[in-house]
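What follows is a set of notes on a single structure, which appears directly below.
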Amino acid sequence: MARMRSRAMDTVRDRARRVRAVGGLAVQAGLAAALSWFVAHELLHISQPVFAPISAVSTLAASVGQRLRRTVELIVGVTVGVLIGDLLLLVIGTGWWQLSLIVVLAIVVALFLAGSAAVVIQAGATAVLISTLSPSIRDLEIPRFVDALVGGGVALLVTAVLLPLNPLRVLNRAARPALDLLVTQLDATADALTERDAARARTARGELRRNKGPLKAFVEATQGAREASTLSPVYRHQRRGPVGRYAQAAEPIDRAMRNSGTLIRRAVTLIEDGEPVPEPLPRAVADLADAVRVLKRQFAAGAEPDRAREQSLRAVQMAGRAYREGVGFSGAVVVAQIRTTVSDLLVATGLTQEEANRLVRRTFGDL
């Protein structure tokens, strides 16, 4: 019963976090649906503007960072479906086999023009509507196109002006799981090296391998933050500042993750082979974890990551001491991976690769 209660509470917390994460999207979708219907029905006098709110919600349902592209794809797909449907209806008339041919041709043309799944879906769906409803509903084509234009445009208006999400907050929420995972496993590896606990290092290695989901979410969030800071007048000033710096950090953080995985894997071998573990080596790994922790805090605050750079170089300094005190083959690889990971973190703070490498070499000291 205790395990079931604990599992149930974990599930409730996970779902509550999910609701908090997408709650803003739900409000945006509701406002966009209502506003697009109002524009199409009250201002443009379309009698049944069903597809305007559908288009708005479809645009907002796209991955954050892909909404402008989704709007363009929506309009292209609808245009292709309308043109193919109208042209073929004039030539071959209506019927079941005509419907089949129209849908096939609309999808083929959409694939040729764009190749996007969203364009293909919109072209095929619009072709179906034109083929089946045009005989009974006159002038369906223009309202369908206008609905798509209104829905996509209103969705962008809501996300950019009326209810824009703070891009820095979006990035923080997405980056936190990836950076926390890296910090936790580096800390565990430092403890494993201190205690010569191979099992603990193996556990850290396995946990770090589960980074694909958090990293993917982080990369998508950087796209969304760039889009939000580009489209929204409220947050445009962040594009070249904290959001731009944060977004550019996604790739070097991905590399730091992979290099840390190699570091932990060689730490397992080091312990299993009974190689020497000089006292500065676990400290270097712990300092590396602290560098990621400080980087996360400074990024969240939108501050210049000076302290993160200092802490990263402290890890390199400790690694240099460990190397000069004497390490084995796997220990030398761990030291090398600390240097490489620090270089990645320095690039994530905004330095060039050449600057990062030069600082790492100078701080490490003589080989």
Side-chain angles (χ1 to χ4, degrees), residues 175 178-194 196 201 204-205 208 211 245-246 248-271 275-299 303-367:
L179 295 176
D180 284 346
L181 176 66
L182 181 56
V183 166
T184 301
Q185 305 320 319
L186 286 173
D187 277 335
T189 303
D191 293 339
L193 285 169
T194 301
R196 291 182 173 274
R205 178 186 62 190
L208 192 61
N211 63 11
R245 185 166 56 238
Y246 214 150
Q248 290 173 353
E251 184 180 348
I253 286 174
D254 182 15
R255 292 200 304 269
M257 279 274 198
R258 285 185 272 119
N259 287 318
S260 296
T262 304
L263 184 159
I264 297 174
R265 187 165 63 249
R266 298 308 303 192
V268 172
T269 307
L270 182 158
I271 297 168
E275 291 186 15
V277 183
E279 187 268 340
L281 188 60
R283 286 176 56 194
V285 178
D287 284 340
L288 185 59
D290 284 338
V292 179
R293 192 178 287 113
V294 173
L295 181 66
K296 182 186 76 169
R297 285 200 297 265
Q298 292 195 292
F299 270 161
E304 184 70 24
D306 294 327
R307 288 184 52 237
R309 292 172 188 148
E310 293 171 5
Q311 185 61 38
S312 299
L313 293 174
R314 192 171 293 123
V316 172
Q317 191 176 44
M318 286 293 109
R321 290 185 190 176
Y323 185 77
R324 283 184 288 276
E325 286 188 20
V327 291
F329 177 76
S330 293
V333 177
V334 171
V335 168
Q337 290 306 123
I338 291 172
R339 287 179 49 146
T340 306
T341 305
V342 166
S343 180
D344 294 329
L345 293 180
L346 291 175
V347 172
T349 67
L351 299 184
T352 66
Q353 189 68 66
E354 292 74 17
E355 290 173 324
N357 292 342
R358 185 168 61 251
L359 281 173
V360 167
R361 291 192 191 99
R362 189 172 67 198
T363 306
F364 188 85
D366 295 333
L367 290 173

Who are the side chain to side chain contact (heavy atoms under 4.5 Å, CB included) partners of [X], not counting sequence neighbours?
| X | value |
| --- | --- |
| I271 | A192, L193, R196, A198, A201 |
| Q248 | R226 |
| A204 | Q185, A188, T189, I264 |

Interatomic distance, [X] atom [atom1] to [Y] atom [atom2] [nearest 0.5 angstrom]:
| X | Y | atom1 | atom2 | result |
| --- | --- | --- | --- | --- |
| L208 | L186 | CG | CG | 7.0 Å |
| R266 | Q337 | CZ | CD | 9.5 Å |
| S260 | L288 | OG | CG | 5.5 Å |
| L313 | Q317 | CG | CD | 8.5 Å |

If I compare all heavy atoms of [X] with all of [Y], which pair ends up nearest, and what's the gap?
| X | Y | answer |
| --- | --- | --- |
| A348 | L295 | CB-CD2, 4.4 Å |
| A356 | V347 | CB-CG2, 4.0 Å |
| A315 | I338 | O-CG2, 4.0 Å |
| A284 | A319 | CB-N, 3.6 Å |
| V183 | A289 | CG2-O, 3.7 Å |
| P280 | A322 | CB-N, 3.8 Å |

- Message: Could you work out, with salt bridge (Lys or Arg N to Asp or Glu O under 4.0 Å) as the rule, every residue matching R283, not counting sequence neighbours?
- Response: E279
- Quick one: salt bridge (Lys or Arg N to Asp or Glu O under 4.0 Å) partners of R255, sequence neighbours excluded? E251, D344
Which residues pass the side-chain hydrogen bond (donor to acceptor under 3.5 Å, both in side chains) test with [X], not counting sequence neighbours?
| X | value |
| --- | --- |
| E355 | T352 |
| N211 | none |
| D187 | R293 |
| R314 | Q311 |

- Do side-chain atoms of S343 reach the backbone of R339 as a donor and acceptor pair under 3.5 angstrom? no
- Task: Ignoring hydrogens and angles, tell me if any N or O in the side chain of R309 forms a donor-acceptor pair with the backbone of T349 under 3.5 Å.
- Result: yes
- Message: Among D180, I253, L182, which residue satisfies the side chain to side chain contact (heavy atoms under 4.5 Å, CB included) criterion with K296?
- Response: D180
- Note on the structure: Per side chain to side chain contact (heavy atoms under 4.5 Å, CB included), V285 is matched among L263, T341, T194, D191 by L263
- Item | Verdict with reasoning, V334 to L281, per side-chain contact (heavy atoms from CB on, under 4.5 Å) | CA-CA 9 Å; V334 171; L281 188 60; 4.0 Å; yes
- Item | salt bridge (charged side-chain N to carboxylate O under 4.0 Å, His left out): pairs with one or both residues in residues 316-330, sequence neighbours excluded | none
- Provide the full list of salt bridge (charged side-chain N to carboxylate O under 4.0 Å, His left out) pairs with a residue in residues 256-265, sequence neighbours left out, each pair given once. D254-R258
- Message: Listing request: all ring pair (Phe, Tyr, Trp, His ring centres under 6.0 Å) pairs with a residue in residues 307-332, at least two apart in sequence or in separate chains.
- Response: Y323-F364
